[in-house]
S.K.: 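Would you mind keeping the following structure in view while I ask a few things?
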Amino acid sequence: MEKILISSCLLGTPVRYDGTGVQLLHPQIMTWQQQKLIVSFCPEVAGGLPTPRDPAEISNDKVITNIGDDVTAEFKLGARKALQLCQQHNIRFALLKESSPSCGRNTIYDGSHSGTKVKGMGLKLHC
Ligand code: SF4
């Protein structure tokens, strides 16, 4: 059966910038866990960032924290590792945390660190 990549924080792992997780409770996830189909991954941690960490947002193709540090390299490394993992396991499906500058699929924060969301995706490798 096909594996499914899931953002680690959605499984309750405390890897978010503020040291928390956001466990998604759904019977299907429990079924996938029992079937050992889930591949849990956090690109920001894989990219070498600590937990907790300063929140970061995408701005002009860079990823910048709320104190002005450029963490683009770490985000790109995490994205590359996510791609490698998907290729390694032939993963075609993913359940990702919305609005994250790494995992976001439909929305992200606008880069102003003001809590404003816009349409967009987490960091793409061509950025
Ligand atoms: S990078 Fe993805 S998996 Fe990691 S904490 Fe952020 S949303 Fe969750």
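We number each residue from 1, following the sequence as shown. Note that ligands are numbered from 1 as they come in the structure, with each ligand's atoms numbered from 1 the same way.
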S.K.: Return yes if some donor-acceptor pair links the side-chain N/O of K81 with the main-chain N/O of A46 below 3.5 Å, else return no.
M.R.: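 Flag set: sc K81 to bb A46 pair under 3.5 Å.
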S.K.: Under the side-chain hydrogen bond (donor to acceptor under 3.5 Å, both in side chains) test, which residues partner N66, sequence neighbours left out?
M.R.: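 side-chain hydrogen bond (donor to acceptor under 3.5 Å, both in side chains) check on N66 returns nothing, list empty.
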S.K.: Which of the atoms in ligand 1, numbered in the order shown and given with their element, are less than 4.0 Å from a heavy-atom of R53?
M.R.: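 Per the distance check, 5 (S).
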S.K.: Classify the side-chain pair N106/E98 by whether it contains a donor and acceptor separated by less than 3.5 Å.
M.R.: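 Yes, because at least one side-chain N or O of N106 sits under 3.5 Å from a partner of the opposite role on E98.
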S.K.: Please list, chain by chain and in numerical order, all residues satisfying side-chain hydrogen bond (donor to acceptor under 3.5 Å, both in side chains) with Q87, sequence neighbours excluded.
M.R.: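 So Q87 forms no side-chain hydrogen bond (donor to acceptor under 3.5 Å, both in side chains) with any residue.
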S.K.: Would you say H89's side chain and L5's backbone share a donor-acceptor pair under 3.5 angstrom?
M.R.: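 Side chain of H89 to backbone of L5: no pair is present.
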S.K.: Would you find a donor on one side and an acceptor on the other, under 3.5 Å apart, between the side chain of T72 and the backbone of V63?
M.R.: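 Judged by distance alone, yes, a pair lies under 3.5 Å.
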S.K.: Is E98 in contact with ligand 1, taking contact as a heavy-atom separation below 4.0 Å?
M.R.: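 It does not; every heavy atom stays at 4.0 Å or beyond.
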S.K.: At a cut-off of 2.8 Å, what protein N/O/S atoms sit near atom 2 (Fe) of ligand 1?
M.R.: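 Those protein N, O or S atoms (cut-off: under 2.8 Å from atom 2 (Fe) of ligand 1) are C103 SG.
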S.K.: Sort and list the pairs that fulfil side-chain hydrogen bond (donor to acceptor under 3.5 Å, both in side chains) and have at least one residue in residues 34-60, not counting sequence neighbours.
M.R.: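 Qualifying pairs: S8-S40, E44-R53, E44-S102, T51-R53.
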